[in-house]
Amino acid sequence: MTADADLTLAERAHRIRRTVIEMCRGRGQGYAGQGLALADLMAVLYFDELRPGHDHLVLSTGHSAIAVFAAAHELGLYELDELRTYGMDGSRIEESPLEGAPGFEITGGSLGQGLSQAVGMALGERVRGSDSRVYCIVSDGELQEGQVWEAAMSAGHHRLDNLVLLVDNNHMQADGDPAEVTGVEPVPEKLAAFGFAARRIDAHSLDELRAAFGEARRTAGRPTALVCETVPGKGVASFEVYEKVHYIRAEPAVWERALEELG
Ligand SMILES: Cc1ncc(C[n+]2csc(CCOP(=O)(O)OP(=O)(O)O)c2C)c(N)n1
Ligand SMILES: [Mg+2]
């Protein structure tokens with residue numbers, strides 16, 4: 001745990017990546033590719049963008065919870081020892097999270113539902129006269145769910161400029177590349193047609209992420225969508241071979257080598 005305010009965002013992202021590997025090492029398996037891919041986004045969200053107790057993060061892609069747990073560890077919400085019980089029977093460190101676990105506003109697992117909840121929260125905050133902002137993470141595979149587009153239509157209709165949709169565009173779903181399963185592109189253009197200020201960003205560039213969030217805050221009258229280009233396994237060279245692997249199950253030595261590579 002650390003509350004060291006002097007760490008840079010790059011150092012936070014690096015620590016989040018190490019925690020992701022530590023979590024998978026516990027049981028020898030987990031969503032390591034997604035956790036590593038989302039580490040930079042998590043660092044910027046939690047240590048630059050979200051105002052604690054004020055803004056909302058809605059993780060629609062429940063199985064990517066590992067990234068949020070690892071970031072929550074940086075905030076001091078979970079001890080590393082507990083995070084190492086990730087996915088074990090009886091642990092509250094679920095592979096897909098439950099609403100009410102520290103860091104999680106909704107229950108995950110059934111894909112496609114989070115944006116609807118985020119739209120409801122954003123509308124609710126507006127009705128209350130609050131300036132709270134709502135950030136919602138969905139995945140590229142999840143865009144195949146019709147409910148996401150119903151929610152997007154609603155966000156555009158209500159001109160929810162307090163809503164930021166983040167698409168984890170890692171070009172991977174359980175059965176391969178969405179382009180080969182059921183194509184979802186062109187995502188920015190589709191979301192723009194639904195009323196979003198939408199664009200694609202490199203979600204491993206801390207500068208691009210910060211600039212995009214700044215622009216979203218300055219955008220009035222429209223929700224923002226950031227199609228975040230991410231690389232599964234980002235930061236651990238030997239995980240390149242797992243680039244298109246949705247779930248990693250490996251021997252202890254593999255996790256130990258990953259930690260050595262991260263440094
Ligand atoms: C409604 C629903 N349908 C199917 C699944 C099974 N499922 C779990 S993960 C997954 C892949 C979704 O794509 P994506 O989130 O892009 O995968 P990743 O990038 O993490 O590999 C699917 C179909 C689910 N969790 N919920
Ligand atoms: Mg994906």
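Note that ligands are numbered from 1 as they come in the structure, with each ligand's atoms numbered from 1 the same way. Just so we're clear, the structure is a prediction, and the values are computed from it rather than from any experiment.
- Of all protein atoms, those that are N, O or S and lie under 2.8 Å from the Mg ion (ligand 2) total 3.
- No option in Gln34, Glu142, Met42 other than Gln34 meets the side chain to side chain contact (heavy atoms under 4.5 Å, CB included) test with Ser64.
- Distance from atom 21 (O) of ligand 1 to its nearest protein heavy atom, with residue and atom name: His246 ND1, 2.5 Å.
- Among all protein heavy atoms, the one lying closest to atom 14 (P) of ligand 1 is Ser139 OG, 3.4 Å.
- Ligand 1 has a nitrogen or oxygen under 3.5 angstrom from a nitrogen or oxygen of Gln34.
- Judged purely by atom type and a 3.5 angstrom limit, Asp161 uses its side chain to pair as donor or acceptor with the backbone of Gly221.
- Between Tyr86 and Phe69, a ring centre-to-centre spacing not shorter than 6.0 Å is recorded.
- The six-membered or imidazole ring of Tyr31 lies near that of His63, with a centre-to-centre distance under 6.0 Å.
- In terms of protein heavy atoms, atom 25 (N) of ligand 1 is closest to Gly109 O, 2.7 Å.
- Under the 4.0 angstrom criterion for non-hydrogen atoms, Ala174 is in contact with ligand 1.
- Of all atoms in ligand 1, numbered sequentially from 1 with element shown, those under 4.0 Å from a heavy atom of Ser110 are 1 (C), 26 (N).
- Looking at Gln173 against ligand 1, both its backbone and its side chain come within 4.0 Å, counting heavy atoms.
- A salt bridge links Arg84 to Asp81: at least one charged side-chain nitrogen sits closer than 4.0 Å to a carboxylate oxygen.
- Here the options are Glu208, Arg200, His204, the test is side chain to side chain contact (heavy atoms under 4.5 Å, CB included), and the partner is Glu229; only Arg200 passes.
- Distance remark: protein heavy atom not present below 4.0 angstrom from atom 4 (C) of ligand 1.
- The residue from Val231, Val254, Val245 that alone fulfils the side chain to side chain contact (heavy atoms under 4.5 Å, CB included) condition with Phe239 is Val254.
- Glu150 is linked by a salt bridge (charged side-chain N to carboxylate O under 4.0 Å, His left out) to nothing, counting only residues two or more places apart in sequence or in another chain.
- Counting only heavy atoms of the protein, atom 8 (C) of ligand 1 lies nearest to Leu111 CD1, 4.0 Å.
- A salt bridge links Asp40 with Arg17: at least one charged nitrogen is closer than 4.0 Å to a carboxylate oxygen.
- Within the listing of ligand 1, atoms 16 (O) sit less than 4.0 angstrom from a heavy atom of Asp140.
- Of the residues listed (His54, His56, Arg133), the one engaging Glu125 in a side-chain hydrogen bond (donor to acceptor under 3.5 Å, both in side chains) is His56, and it is the only one.
- For the pair Thr19 (side chain) and Arg15 (backbone), a donor-acceptor distance under 3.5 Å is present.
- For ligand 1, the polar-atom distance check against Asn170 finds a nitrogen or oxygen pair separated by under 3.5 Å.
- The shell of residues lying under 4.0 angstrom from ligand 1, judged by heavy atoms, includes Glu145.
- Residue-ligand proximity, His63 to ligand 1, at heavy-atom distances under 4.0 Å covers atoms 9 (S), 15 (O), 17 (O), 18 (P), 20 (O).
- Although no hydrogens or angles enter the test, the distance criterion places a donor-acceptor pair under 3.5 Å between the side chain of Thr8 and the main chain of Glu11.
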